[in-house]
Amino acid sequence: MSRRLQLYERFGEPLLSRSAFLARAAWHFMLATAVILCALAIGIVGYHTFDRLSWTDSLLNASMLLGGMGPVSPIVGTPAKLFASFYALFAGLVFVTASGLILGPWLHRLIHHFHIGEEEPR
């Protein structure tokens with residue numbers, strides 16, 4: 001019988017120890033940070049390439065979009081406007097993904113805590 005990958009404890013299992021849980025939460029935080037840094041790199045290169053902004057201005061615009069504030073520099077030209085529109089949609093998805101990665105272990109632990117001692121549903 002093959003053993004399946006198990007990311008979280010199952011219904012009838014006890015809570016993880018505090019140290020194991022904090023290690024899991026730290027791993028999720030590092031994964032979310034990697035996702036954000038990759039998205040930031042895509043934005044920086046895109047703004048530099050399509051809008052011909054300096055590296056610093058590209059970083060500023062990409063950071064502001066990922067942070068939910070919107071671009072700072074005026075966007076000139078059709079390719080730059082198309083990139084900015086797609087990057088804005090992408091940034092929204094990155095925000096939702098990173099939020100889920102960071103909050104996932106904490107919400108799972110909270111919900112699992114309330115189900116300890118209950119019988120497994122049939």
Side-chain angles (χ1 to χ4, degrees):
M1 184 171 176
S2 67
R3 186 165 185 189
R4 295 186 307 172
L5 176 66
Q6 182 177 337
L7 295 177
Y8 293 102
E9 55 274 16
R10 293 179 186 248
F11 185 79
E13 297 176 353
L15 281 176
L16 282 181
S17 67
R18 185 178 302 259
S19 62
F21 168 73
L22 291 175
R24 174 189 287 167
W27 171 248
H28 278 74
F29 182 81
M30 288 187 298
L31 188 58
T33 301
V35 168
I36 291 169
L37 289 175
C38 288
L40 186 61
I42 291 169
I44 292 169
V45 170
Y47 275 111
H48 184 72
T49 303
F50 294 111
D51 208 12
R52 309 229 188 273
L53 295 176
S54 69
W55 289 109
T56 307
D57 288 337
S58 297
L59 170 64
L60 177 63
N61 273 341
S63 298
M64 293 297 278
L65 263 174
L66 278 174
M69 301 298 287
V72 175
S73 303
I75 302 168
V76 181
T78 302
K81 290 177 181 180
L82 287 172
F83 170 76
S85 65
F86 289 120
Y87 185 69
L89 295 171
F90 173 71
L93 292 175
V94 167
F95 176 78
V96 170
T97 301
S99 298
L101 282 170
I102 292 171
L103 292 176
W106 297 91
L107 294 175
H108 177 267
R109 186 171 178 90
L110 177 70
I111 291 169
H112 193 80
H113 174 75
F114 288 124
H115 288 289
I116 291 177
E118 290 183 9
E119 290 185 24
E120 190 168 346
R122 294 183 180 194

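Counting from 1, the numbers follow the sequence of the chain as shown.
Applying the side-chain contact (heavy atoms from CB on, under 4.5 Å) rule to Val76 yields the partners Asp51; only residues at least two apart in sequence or on another chain are considered. Scanning for ring-ring contact (aromatic ring centres under 6.0 Å, His included) contacts around Phe21 gives Trp106, with sequence neighbours left out. With sequence neighbours excluded, the residues that form a side-chain contact (heavy atoms from CB on, under 4.5 Å) with Ser17 are Ser19, Ala20. Every side-chain contact (heavy atoms from CB on, under 4.5 Å) that Thr33 has, sequence neighbours left out, goes to Phe29, Leu37. Partners of His48 under the side chain to side chain donor-acceptor pair (under 3.5 Å) rule, at least two apart in sequence or in another chain, do not exist in this structure. Under the rule for a ring-ring contact (aromatic ring centres under 6.0 Å, His included), Trp27 has no partner lying at least two apart in sequence or in another chain. Partners of Ser63 according to the side-chain contact (heavy atoms from CB on, under 4.5 Å) rule, which considers only residues two or more places apart in sequence or in another chain, are Leu40, Leu59.
By the criterion of side-chain heavy atoms lying less than 4.5 angstrom apart, applied directly or through intervening Ile, Leu, Val, Met, Phe, Trp or Tyr residues, Val45 is not grouped with Ile75; the two fall into different hydrophobic clusters. Hydrophobic cluster membership differs between Phe86 and Ile36, with clusters built from Ile, Leu, Val, Met, Phe, Trp and Tyr side chains linked at under 4.5 angstrom.
The two residues Pro105 and Ala25 have their closest heavy-atom pair at CG-CA, 4.2 Å. Heavy atoms only, all atoms of each residue included: Ser73 and Asn61 are closest at N-OD1, 3.2 Å.
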Can you list, pair by pair, the side-chain donor-acceptor contacts under 3.5 Å of residues 90-104, counting residues two or more places apart and other chains?
from: Thr97; atom 1: OG1; to: Leu93; atom 2: O; distance (Å): 2.8
from: Ser99; atom 1: OG; to: Phe95; atom 2: O; distance (Å): 2.8

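From Leu53, atom CG reaches atom CD1 of Ile44 across 11.5 Å, with rounding to the nearest 0.5 Å.
Here salt bridge (charged side-chain N to carboxylate O under 4.0 Å, His left out) pairs that include residues 24-41, with residues two or more places apart or in two chains, are Glu9-Arg24. The ring pair (Phe, Tyr, Trp, His ring centres under 6.0 Å) pairs that include a residue from residues 59-82 number zero, where partners must be two or more places apart or lie in different chains. Listed by first and then second residue, the ring pair (Phe, Tyr, Trp, His ring centres under 6.0 Å) pairs involving residues 58-83 are Tyr47-Phe83, Phe50-Phe83, Phe83-Tyr87 (not counting sequence neighbours).
Other residues sharing the hydrophobic cluster of Leu60, ordered by chain and number and joined by side-chain separations under 4.5 Å: Met64, Met69, Val72.
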